[in-house]
Amino acid sequence: MSAESPTIVWFRRDLRLDDNPAWAAVDPVSPTTALYVIEPILFDRAGTFRRDQLVAHLIALDGELISRGGRLRVEYGDPAHLVAQVVNEVGAAVVHANADATPYSHRRDTAVHRARASASPRPVPRQTWWGTMVHHPGAIQTRKGTLSQVFTPFWNTWAATSPAPWPDGSGPRSVTAEPGHGLPSAPTTTWQPGGEHAALDRLEQWCTQVDAYPEVHDRPDLDGTSRLSADLRFGTVSPRRVMEAVGLGTPARLSFVRQLAWRDWFAHLLAERPSLVTNALKTDFDRIDWLDDPTALDAWKHGRTGYPLVDAGMRQLLATGWMHNRVRMVVASFLVKDLLIDWRQGERWFRHQLVDGDVAQNVGNWQWAAGTGPDAAPYFRIFNPVTQSKKFDPEGDYIRRWVPELANLDRRSIHEPWSLGPLELAAAGITLGSDYPAPIVDHRAARDRTLLAYAEARAAASAETDTEGAR
């Protein structure tokens, strides 16, 4: 293969040129097609916020390539056919891409490889990198050569391991100007400005705030989080660049970088065990007798549970496609532990709605919240939504923003309006059950019900094991 042989860089979750190993690996003199395939099964099913954010990033990436004399070639359809088609059309000698850890991406890439092999008269290699993580799956293992199912040992090894080297090239000097199917129409508004330069601006801004991270990151009423989750999901900034920019120089910075290790860990777990999307890691809990309660599920989805912090979070999600991380934990615990609704229902709803919806992170966090997944996440840990509300939204400002019908309540009663009498509620302009719902479940009773359901699932699994052992 000569240096001048045509090359394809297939962009997926790496919508940047900077610090992108698949881009940097291209020989500078190779004529290069920058390809993005819009996959209907993903694009058409994504929520509005994630779909619009993707389009904004694609438009920005196209702008970067235009400044280099080329275009982003956008095709729409099944990549198993389209990648092979573009390979043959341009006579590509190699396809560069960044890998992903999801079961879907594995099936897609296998289908693309088979289609390319059958459609091309010559083998065309695909070189893959892990530009979406700090450490690639398999790089962080225990002394026994396995992936730890407890985070702290994983983190200790992760932090002590040097990342595998990435190509250090600057990418091609010649990019083709064929636009293909063309970009979708630009969205009217997006969660964040699109493109890698905007992402780097957000990272730079975060570096001026990160030293306050431990004190404020759990407060949804404050601007105390990085807002980089969507950039990491779309790859407009690399996690290595984030780690490098933030550094480890203070306890606060170390605490934030630790979140990047959680992100890697969930992706590594999913890469090793694709069934995590549909099955509990702790398989005993696949026996839980979940409730089929469409009314309660709908109330949760639309922020009408009668628990103000839960409702504020779910309304923020509906209105923006994003939710504060502490509140994500609270609403997840409420669905699973208060309403006893299957965690998979919540995972699917979040995956559809979230602008930063990422299968590995979503599944990992939902299983963690449900107590069915990795780490020492006990099933009997059940968040009290009122206690969480008072602790992390002490003045009620977050609730007032997203549940404005409660805005006239004071800082104490806004967390549990049902504790007030009718006259006190009327003074604030509220009729419980009309202006704002009464709680759809009693937390204390729900907690007892959930502990019983989990215990019964464990007992059933233990009894079956004993029966099998006696055979």
Is the shortest side-chain heavy-atom distance between [X] and [Y] below 4.5 Å?
X	Y	answer
V83	L35	yes
V257	W158	yes
S238	N20	no
V331	T305	no
W206	V246	yes
V363	W368	no
L270	P103	yes
V441	R449	yes

Output yes when [X] and [Y] qualify as a salt bridge under the 4.0 Å nitrogen-oxygen rule, no when they do not.
X	Y	answer
E39	R108	yes
R351	E347	yes
D264	R240	no
E424	R412	no
D397	R400	yes
R13	D100	yes
D356	R233	no
D44	R51	no
R219	D221	yes

What about the rings of [X] and [Y], do their centers lie closer together than 6.0 Å?
X	Y	result
F392	H324	no
Y213	F256	yes
W418	Y307	yes

Can I get a per-line list of side-chain donor-acceptor pairs under 3.5 Å for residues 182-195, giving both atom names and the distance, sequence neighbours left out?
from	atom 1	to	atom 2	distance (Å)
T190	OG1	Q192	O	2.7
Q192	NE2	R227	O	2.8

Judged by atom type as modelled, is there a donor-acceptor pair below 3.5 Å linking the side chain of [X] to the main-chain atoms of [Y]?
X	Y	answer
R273	S275	no
R16	D19	yes
T250	R253	yes
S462	R458	no
Q361	R263	yes
D286	N279	no

Distance-minimising heavy-atom pair for L432 and P437: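 Minimum heavy-atom contact is CD1-O, 3.9 Å.
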Quick one: closest heavy-atom pair of A252 and P214, and the distance?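 Answer, listing the atom of A252 first, then P214: CB-CD, 3.4 Å.
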Side chains of H197 and E64: do they bring a donor and an acceptor to under 3.5 Å?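 The answer is yes; a qualifying pair exists.
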Indicate whether any N or O donor in one side chain lies under 3.5 Å from an N or O acceptor in the other, for T372 and Q367.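 There is such a pair (donor and acceptor under 3.5 Å, judged by atom type) between the side chains of T372 and Q367.
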Under the side chain to side chain donor-acceptor pair (under 3.5 Å) criterion, do D311 and Y436 qualify, and how do the steps go? CA-CA 10 Å; D311 293 341; Y436 184 71; 2.5 Å; yes
Could you walk me through whether D410 and S413 pass the side chain to side chain donor-acceptor pair (under 3.5 Å) check? CA-CA 6 Å; D410 62 42; S413 56; 3.0 Å; yes
Could you tabulate the donor-acceptor pairs under 3.5 Å formed by side-chain atoms of residues 333-341, not counting sequence neighbours?
from	atom 1	to	atom 2	distance (Å)
S333	OG	F383	N	3.2
K337	NZ	A369	O	3.4
K337	NZ	Y379	O	3.1
K337	NZ	R381	O	2.9
D338	OD2	H443	ND1	2.7

With a cut-off of under 6.0 Å to the ring centre and 45° to the axis, is R12 in cation-pi contact with W10?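 Yes, a cation-pi geometry.
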Looking at W366, does the NZ or CZ of R344 lie under 6.0 angstrom from its six-membered ring centre and within 45 degrees of the ring axis?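 No, cation not above the ring by the 6.0 Å, 45° rule.
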Mind running side chain to side chain contact (heavy atoms under 4.5 Å, CB included) on W265 and L147 for me, showing each step along the way? CA-CA 9 Å; W265 187 50; L147 174 60; 4.3 Å; yes
Which pairs pass side-chain hydrogen bond (donor to acceptor under 3.5 Å, both in side chains) with one or both residues in residues 131-144, sequence neighbours excluded?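 Sorted pair list: T142-T146.
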Does the side chain to side chain donor-acceptor pair (under 3.5 Å) test come out yes or no for R401 and Q316, once each step is laid out? CA-CA 9 Å; R401 179 177 181 184; Q316 181 184 29; over 6 Å; no
Give me the ring orientation class for F350 and W300: parallel if the planes are under 30° apart, tilted from 30 to 60°, perpendicular past 60°.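 The rings of F350 and W300 lie parallel, inter-plane angle below 30°.
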D289 CG: over 12 foreign heavy atoms closer than 6.0 Å: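 Not buried by this count: 12 neighbours or fewer within 6.0 Å.
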